[in-house]
Amino acid sequence: MSLSLESTLSFPVIFTLCTCVGVGWLAHWVSGQRVFPGRVSFVLIHIACLWWMLTAALEMAALQPADKLFWGAMAWPGIVAAPTFWAIFLWQYVNSIHSLLPRAKLLMLMVMPLCCWILALTNPLHGLFYGADTAPISSEPGAPIRYHHGPLFYAAAVYVYFFMLFCIAVVIQAAMRSRGLHRRHYLAFAAVTAVPWTANISYVVFGRTIFGFDPTPFSFAFTLAAFAWLIVGVRLFDVLPVARHLLLEALLDPVLVIDPRQRVIEANPAALQLANFPANWQGRPLVEWPVVGEDLQQLLALQINDSEPQLLTLEDGDRYFELRVSAITRATRDGPLVLGHMLYLRDVTQRYLSELKLSEALAISEQRLKTITNLHELLREQALRDPLTGLYNRRYLDEFFMLAVARARRQSQPMALALIDLDHFKQLNDDHGHLIGDDVLKSVALFLVENLRASDVIFRIGGEEFLVILPEVDGADAHKRLGKLCSDFAAMPMETRKGGLSLTFSAGLAIWPQQGDTLDELILHADAALYKAKDAGRNCVYLALLP
């Protein structure tokens with residue numbers, strides 16, 4: 001078949017070429033926008049539509065009928081590919097599928113457009129695509145072609161209409177699964193989708209044309225522009241595609257989705273039930289959301305700045321929720337753009353009440369443990385102290401001596417041990433009675449505590465016997481201290497219930513470690529020194545001789 005280069009630039013041709021430029025620019029613009037489900041398929045629709053319209057412009061510009069028929073046949077890859085990719089795009093978009101179509105499936109989908117293309121180009125050989133009476137509508141140069149369709153054309157039309165019905169079904173199903181604002185948007189999707197198919201049916205069935213040509217590619221251009229505006233301009237489904245919407249429906253805990261202006265744009269059934277199913281809730285400011293809105297507004301700023309979940313308590317105090325906030329963002333050239341936030345209210349009532357009961361039980365247990373510990377300490381203290389004088393008894397002496405020796409070794413310091421025995425105490429009991437004797441013992445204990453250093457430790461180890469451990473003193477210093485204590489004691493009457501009684505005591509001293517390393521060795525040497533003090537006439541202090 002020979003082709004002529006004769007053509008003309010009429011208004012329809014210029015208009016169609018301008019539309020081609022617009023579609024091409026739209027495809028380039030969409031390809032540079034954010035990633036949204038089915039974006040690649042959406043760009044392929046533009047390419048198919050651009051091919052279709054460009055061949056339409058060339059057909060309208062051609063003057064010879066043979067040239068027009070050639071460009072009409074050249075349009076078929078775009079005619080079949082446009083609805084094919086349209087169906088793929090809608091399926092990916094409403095189901096939030098971001099993955100690319102596998103190459104094998106893409107090649108399979110291109111088989112039908114290529115077959116139609118070949119059949120259309122070879123129509124002069126078989127005449128099954130267009131009938132033999134296909135001819136210009138008039139004898140004027142460049143007159144439009146009136147096509148008489150053959151069986152292969154209608155087979156291709158059935159294939160294309162199958163995708164048309166599939167597109168309408170996908171969008172209507174998405175609309176049925178949505179509600180409120182999103183349902184209206186999906187219905188708008190369906191209406192926009194129906195435009196090119198209405199135009200195509202009007203052309204195939206009723207012969208309606210624009211500039212004597214099929215109006216379908218022009219309506220496709222309009223539809224593409226409308227979809228691009230809805231998706232990229234209005235950002236219709238940025239915050240909530242259908243798949244996410246269905247996920248919210250399945251959640252048992254309340255979930256709210258708010259936009260950057262903190263308006264509620266989506267709420268699952270649990271959130272609506274918590275708010276007592278408010279009317280006209282979509283688009284309502286979060287602070288005006290019934291039951292929990294004001295509290296959520298206050299917690300939202302805290303949660304955004306703090307990753308830890310916040311506790312939300314209802315006014316009646318019978319339900320508790322843990323608030324978690326997730327930002328809904330999309331990547332841009334300038335960084336992440338926040339499109340809204342999802343507020344997830346996890347019902348932690350049972351857990352919180354259990355934690356409260358556990359805390360109360362732990363508090364009670366802790367108080368009881370504290371009481372038991374105090375009682376234990378009191379009992380231990382009572383077990384280690386002499387009930388009459390309040391001084392430590394012999395039971396605590398062994399434990400304390402080990403600590404005192406360890407400290408003396410660390411500090412390389414000497415230590416003295418003194419045995420003190422009251423003189424003629426048995427005679428005092430016989431003359432005045434045991435009650436007076438007890439009073440004397442109490443007064444002696446008080447005297448020793450008040451006149452010894454705070455670091456010195458006093459024990460009552462027998463009836464009228466006392467033991468004193470004096471840290472960090474050598475033999476001479478200990479003898480001097482005990483000597484002054486002995487003289488002061490003799491000069492001070494001991495208070496009793498019958499008045500003051502004058503007493504004396506005798507004392508024996510032993511020095512660690514020169515006179516023994518163990519408690520028994522020191523007591524043995526101090527006791528020997530004490531007997532020497534008694535034999536010397538009492539009321540004196542003797543230091544045990546060095547071995």
Side-chain angles (χ1 to χ4, degrees), residues 34-37 95-96 98 177-183 185 231 234-356 359:
R34 64 181 179 83
V35 176
F36 58 89
N95 290 282
S96 191
H98 288 266
R177 291 180 178 179
S178 304
R179 63 171 181 269
L181 179 63
H182 292 284
R183 174 172 291 181
H185 287 163
I231 295 170
V234 178
R235 294 170 184 169
L236 177 57
F237 298 102
D238 270 347
V239 178
L240 196 64
V242 169
R244 296 179 185 174
H245 173 71
L246 295 178
L247 178 61
L248 292 182
E249 292 285 338
L251 290 176
L252 299 178
D253 291 317
V255 178
L256 298 174
V257 178
I258 60 174
D259 64 9
R261 296 171 60 184
Q262 296 191 351
R263 297 175 303 179
V264 178
I265 63 170
E266 188 55 86
N268 69 342
L272 295 176
Q273 183 179 8
L274 182 63
N276 299 321
F277 299 99
N280 301 322
W281 57 267
Q282 205 162 34
R284 179 179 295 191
L286 178 62
V287 71
E288 298 178 6
W289 190 257
V291 182
V292 295
E294 293 183 1
D295 294 332
L296 283 178
Q297 185 75 23
Q298 295 175 1
L299 294 177
L300 183 59
L302 297 176
Q303 181 61 55
I304 291 177
N305 297 325
D306 188 357
S307 59
E308 291 297 322
Q310 305 293 324
L311 185 66
L312 174 66
T313 305
L314 297 189
E315 293 182 357
D316 52 13
D318 63 346
R319 294 187 71 182
Y320 300 87
F321 294 91
E322 192 176 73
L323 171 64
R324 293 181 180 271
V325 179
S326 298
I328 302 173
T329 62
R330 71 173 176 87
T332 65
R333 296 175 181 175
D334 299 327
L337 175 65
V338 177
L339 304 173
H341 289 87
M342 184 179 75
L343 313 183
Y344 176 56
L345 299 175
R346 182 183 178 190
D347 194 337
V348 294
T349 302
Q350 294 301 323
R351 189 192 77 182
Y352 185 75
L353 293 178
S354 298
E355 289 177 352
L356 286 180
S359 298

For the atom pair [atom1] ([X]) and [atom2] ([Y]), what is the distance rounded to the nearest 0.5 Å?
X    : Y    : atom1 : atom2 : answer
L345 : R324 : CG    : CZ    : 11.5 Å
L323 : R346 : CG    : CZ    : 13.0 Å
L272 : E266 : CG    : CD    : 8.0 Å

Shortest non-hydrogen contact between [X] and [Y], atoms and distance:
X    : Y    : answer
L343 : V325 : CD2-CG2, 3.8 Å
A275 : P290 : O-CB, 3.6 Å
A327 : H341 : CA-CD2, 3.6 Å

Donor-acceptor check, side chain of N268 to backbone of D253, threshold 3.5 angstrom: yes or no?
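Checked: pair present.
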Before giving the answer on side chain to side chain contact (heavy atoms under 4.5 Å, CB included), spell out for F321 and L274 the whole-Å C-alpha distance, their side-chain angles and the decisive distance to 0.1 Å.
CA-CA 11 Å; F321 294 91; L274 182 63; 4.1 Å; yes
Partner set under side-chain hydrogen bond (donor to acceptor under 3.5 Å, both in side chains) for E288, not counting sequence neighbours
none
Quick one: list whatever passes side chain to side chain contact (heavy atoms under 4.5 Å, CB included) with Q297, sequence neighbours left out.
Q262, L286, V287
